[in-house]
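Step one of this worksheet: look at the structure below.
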2 protein chains.
Amino acid sequence: MDAEVIKRSLQSSGLRCTAPRYAMMAFLTDHKGHPTAAEIFKAVNRVDPRSSRATTYNNLRDLVKAGLVREVAVEGRAGRFDLEGMRHHHFVCDRCGNVEDVDWYDVPQPASHSLGKRVVRECQLIFRGLCAKCAQRAPR
Amino acid sequence: MDAEVIKRSLQSSGLRCTAPRYAMMAFLTDHKGHPTAAEIFKAVNRVDPRSSRATTYNNLRDLVKAGLVREVAVEGRAGRFDLEGMRHHHFVCDRCGNVEDVDWYDVPQPASHSLGKRVVRECQLIFRGLCAKCAQRAPR
DNA sequence: CCCTATATTAGATATAATCTAAATCATTCA
DNA sequence: TGAATGATTTAGATTATATCTAATATAGGG
Ligand SMILES: [Mn+2]
Ligand SMILES: [Mn+2]
Ligand SMILES: [Zn+2]
Ligand SMILES: [Zn+2]
């Protein structure tokens with residue numbers, strides 16, 4: 001019963017379990033492909049066509065702030081989202097913009113003097129280049 | 001004579017040394033604060049008010065492709081740019097969006113089997129949280 | 001079952017980036 | 001030096017992405 005898990009994870013973050021929020025979390029649980037906000041919006045509305053773009057963005061913001069969801073910013077394109085489940089890194093394709101998971105491995109922290117008074121919330125390791133599919137196609 | 005350095009670095013990348021390109025590189029050399037495309041556009045036009053937004057974006061794209069400039073994507077905000085000079089990592093402030101440099105240290109590569117047929121061009125380590133200034137201000 | 005802080009909604013607005021096709025320019029080579 | 005030419009630039013329109021607004025609805029505690 002995944003439903004209970006989602007409900008509890010929302011509530012334990014101080015977020016009400018609303019229909020749009022639940023639908024977004026359920027969608028992200030089932031679709032590991034790093035969807036954009038627009039894709040999440042469309043998917044949620046296919047089920048129950050009443051949600052608003054504003055709600056999608058508001059909720060993504062809140063879910064990221066609560067640590068349930070992670071955003072991967074992609075230059076010149078819409079940001080991509082995924083569940084903060086098992087730790088992993090990311091690979092972003094220069095050509096097609098796809099975001100793919102890379103197995104987790106530990107990354108050393110910076111020397112504390114080089115962070116100064118900054119407060120670190122998270123640390124993302126992002127690889128860029130050509131995904132397997134794009135690497136095979138002709139260059140340029 | 002910085003001018004010659006810029007000119008040569010452009011040409012050795014197969015890029016003509018044009019006025020807008022030169023001005024952009026000079027501006028990035030002098031301003032280490034990770035400006036946005038809009039800021040670069042404005043700065044270049046203050047000197048010689050003839051450049052176009054399209055040229056700014058085109059050139060940033062080409063300079064990144066040539067490896068002379070790096071882009072840091074920031075969720076929900078304009079991307080930030082800096083020169084690929086001394087290697088370093090980045091810190092992005094959740095609240096004010098500022099991008100700051102973090103001293104370089106070596107990051108281990110992923111196991112090659114976990115990259116598969118992907119071709120890695122670069123690897124970015126990005127920290128997120130509150131910058132020193134924002135960390136001091138009241139929370140929320 | 002009520003109450004109310006929290007959340008949602010439609011649509012307008014703001015911001016960021018790309019596209020177009022005509023004009024210009026940097027570089028090469030005779 | 002003086003074409004020739006492919007790369008580059010340009011203004012402005014267009015698209016893509018994200019946020020704002022203020023009226024309405026609802027989750028969840030009491
Ligand atoms: Mn992921
Ligand atoms: Mn930097
Ligand atoms: Zn690809
Ligand atoms: Zn800050």
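Small disclaimer: the values here were computed from a predicted structure and weren't measured. Each chain gets a letter, A, B and so on, in the order its sequence line appears, and its residues count up from 1.
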Is the phosphate of dT9(D) approached by S51(B) (side-chain N or O, under 4.0 Å from OP1 or OP2)?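 Looking at the OP1 and OP2 atoms of dT9(D), neither is under 4.0 Å from any side-chain N or O of S51(B).
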
#### Entry: dT8(C) OP1/OP2 closer than 4.0 Å to side-chain N/O of N59(A)
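So the side chain of N59(A) is within the cut-off, an N or O lying under 4.0 Å from OP1 or OP2 of dT8(C).
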
Would you mind reading off the distance between [X] atom [atom1] and [N] atom [atom2], rounded to a whole angstrom?
| X | N | atom1 | atom2 | result |
| --- | --- | --- | --- | --- |
| R77(A) | dT15(C) | CZ | P | 24 Å |
| L60(B) | dT9(D) | CG | C1' | 14 Å |
| R80(A) | dA16(D) | CZ | C1' | 14 Å |
| K42(A) | dA16(D) | NZ | C1' | 13 Å |
| F81(B) | dA17(C) | CZ | P | 7 Å |

Output all residues satisfying side chain to side chain donor-acceptor pair (under 3.5 Å) with [X], sequence neighbours left out; order by chain, then residue number.
| X | result |
| --- | --- |
| R121(A) | D94(B) |
| R16(A) | none |
| D48(B) | R50(B) |
| N45(B) | none |

**Request:** Would you jot down, in residue-number order, the residues of residues 32-41 of chain B having a non-hydrogen atom under 4.0 Å from DNA chain C?
**Result:**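 Residues of residues 32-41 of chain B that come under 4.0 Å of DNA chain C do not exist, since none gets that close.
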
Quiz item: Transitive ILVMFWY cluster of V47(B) at side-chain heavy atoms under 4.5 Å: who else is in it?
Solution: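 ILVMFWY cluster around V47(B) holds nothing else.
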
Practice item. Supply the members, apart from F127(A), of the Ile/Leu/Val/Met/Phe/Trp/Tyr cluster built from side-chain contacts under 4.5 Å; use none for a lone residue. Key: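 Noted: F127(A) shares its cluster with F91(A), V102(A), Y105(A), V107(A), L115(A), V120(A), L125(A), F91(B), V102(B), Y105(B), V107(B), L115(B), V120(B), L125(B), F127(B).
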
* Using the C1' atoms of the five pairs at each end, what is the angle between the end axes of the helix from dC1(C)-dG30(D) to dA30(C)-dT1(D), to 10°? ->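 Taking five pairs per end, the axes differ by 40°.
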
- Query: Taking only residues two or more places apart in sequence or in another chain, which ones pass ring-ring contact (aromatic ring centres under 6.0 Å, His included) with Y57(B)?
  - Reply: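 For Y57(B) there are no ring-ring contact (aromatic ring centres under 6.0 Å, His included) partners, ignoring immediate neighbours.
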
Anything under 3.5 Å between a protein N or O and an N or O of nucleotides 28-30 of chain C, put it in a table, one pair a line.
none

Only distances under 3.5 Å count here; give the side-chain donor-acceptor pairs of residues 67-76 of chain A to other protein atoms, sequence neighbours excluded, each with its distance to 0.1 Å.
from	atom 1	to	atom 2	distance (Å)
R70(A)	NH2	H88(A)	O	3.1
R70(A)	NH2	H88(A)	NE2	3.3
E75(A)	OE1	R128(A)	NH1	2.7
E75(A)	OE2	R128(A)	NH1	3.3

Expected string for nucleotides 19-30 of chain D under the B/S/- scheme (protein heavy atoms, under 4.0 Å, primed atoms plus P, OP1, OP2 as sugar-phosphate) is BB-----BBS--

